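Any value given below was found using the heavy atoms of this structure, including those in side chains, with hydrogens, waters and symmetry copies removed. If you read the sequence from its start, that first residue is 1, and numbering goes on from there. Because the structure is predicted, anything quoted here is derived from the model rather than measured. Every number for a ligand or one of its atoms is a count from 1 in the order of the listing.
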Amino acid sequence: MHPFTYSRASDTREALDAGRRGGRYIAGGTTLVDLMRATVEQPETLVDITGLPLREITVTERGGLRIGALVRMAEAAAHSRVRTLYPVVSEALELSASAQLRNMATIGGNVMQRTRCAYFRDVTADCNKREPGSGCAALHGHNRTHAILGTSDACVATHPSDVAVAFAALEATVHLLGPDGERRVPFADFLLRPGRTPNREQAVRRGELITAVEIPALPRPLKSGYLKVRDRQSYEFALTSAAVVLHVRSGVIREAKVAAGGVGTVPWKLPAVERHLVGERPSEALWADAAVRAAEGARPLRHNGFKVELLKRTVERQLRIVGGAK
Ligand code: SF4
């Protein structure tokens, strides 16, 4: 492992000072330490931020939910407000990683995690994300688990997070604090598609810290849930997944928020599916017609063509689970 220095920030100012000088923030370390061991990441300076006061989950004035960046995944999943107000978030968290990892990893770290593309983690392989300009071994290699949406000629890796799919569906906001003050970034703009610069994955500026993720208030009653399809039932990333949030009043869908995981280079919001649902009455036919739109624009690779149909079926099934049918 490349030598590095380690310090523990006692307050936010100290952390930001270290971050401005190029220090890398570390909390649960469940991604960064792995990547350092594999020499994919070689930071000179680590700044431990686990002592900062970012571990609260609070209901906002408008009735939304603010989850501190250092809340552990397991804590967020078990929190009564998360479970009752946004089950889609707790379900996505519980279907992530392993229990041990969920006990260590934080919400901020989760949305900052890097891809699980095997070529990215193999320093002998060509990878534009790890080494810009070197090429993409996945394009003509084993790409069964790779993305079918949002890809570019430079990178076809999926975003690995489950809870990020729920955040995308719910149109959450990421709160950042940096040398220039506070900033709020809509989740849709926070995670970046690869384009020609797949090495840039988040809209985080030098020295900025994530302080919280805020989920907006939504009209009630609200039903929501997360479905994950994978090769085995635990400790595995999604082949496809669907986060569905529905507000139904007087038998009519008034609001629909839907996003997919395992298929996009970022969590993939599905506005065409949402538009098809709003104003309609729940029915088996509606779920099927809406889900057909989930794979619009998909560009399958040599080994992952099956994801197109699997995505539609995953979305249809989760619409039925959350919305029921007459
Ligand atoms: Fe690297 Fe992206 Fe290609 Fe994987 S898909 S090898 S992460 S450039």
Side-chain angles (χ1 to χ4, degrees), residues 1-2 24 26 29-43 96-97 101 105 108-165 167-168 187-204 228-232 235-241 259-269 295 297-308 310-311 314:
M1 193 186 281
H2 186 74
R24 286 285 299 275
I26 185 166
T30 53
T31 293
L32 185 53
V33 172
D34 271 2
L35 293 176
M36 288 171 67
R37 286 191 178 129
T39 69
V40 172
E41 295 262 20
Q42 300 189 337
S96 304
L101 287 168
N110 186 292
V111 298
M112 288 296 291
Q113 71 180 293
R114 309 204 66 189
T115 183
R116 260 56 183 184
C117 172
Y119 299 110
F120 171 73
R121 285 164 183 254
D122 174 0
V123 292
T124 66
D126 293 337
C127 174
N128 289 321
K129 195 181 279 295
R130 175 171 29 77
E131 196 181 329
S134 64
C136 171
L139 271 177
H140 303 292
H142 293 287
N143 47 39
R144 176 177 176 272
T145 60
H146 286 71
I148 56 173
L149 290 158
T151 57
S152 73
D153 291 343
C155 181
V156 292
T158 52
H159 191 273
S161 170
D162 291 295
V163 75
V165 180
F167 289 154
F187 207 78
D189 300 328
F190 180 74
L191 297 173
L192 307 176
R193 296 188 197 185
R196 296 168 68 175
T197 54
N199 52 311
R200 280 205 70 219
E201 294 174 300
Q202 296 92 8
V204 177
K228 180 173 181 177
V229 177
R230 47 189 164 171
D231 282 329
R232 57 184 184 196
Y235 197 28
E236 184 57 283
F237 296 94
L239 289 171
T240 58
S241 71
V263 288
T265 51
V266 294
W268 205 255
K269 192 86 154 100
R299 292 200 317 168
L301 302 162
R302 185 168 171 215
H303 300 124
N304 67 3
F306 71 97
K307 283 194 176 188
V308 173
L310 189 60
L311 170 61
T314 306

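- Across all non-hydrogen atoms, the minimal contact from Ala164 to Ser161 is N-OG, 2.9 Å.
- Note on Lys228 versus Glu236: no salt bridge recorded, every NZ/NE/NH1/NH2 to OD/OE distance being 4.0 Å or above.
- Aromatic ring pairs are classed by plane angle as parallel below 30°, tilted from 30° to 60° and perpendicular above 60°; the pair His146 and Tyr119 is tilted.
- By the criterion of a separation under 2.8 Å, the protein N/O/S atoms near atom 2 (Fe) of ligand 1 amount to Cys155 SG.
- For Tyr235, the OH atom counts as loosely surrounded, since its 6.0 Å shell holds 12 or fewer non-hydrogen atoms of other residues, nucleotides or ligands.
- Checking Thr124 against Asp122 by side-chain atom types alone, a donor-acceptor pair falls below 3.5 Å.
- No salt bridge links Arg230 with Asp162; every basic N to acidic carboxylate O contact stays at or beyond 4.0 Å.
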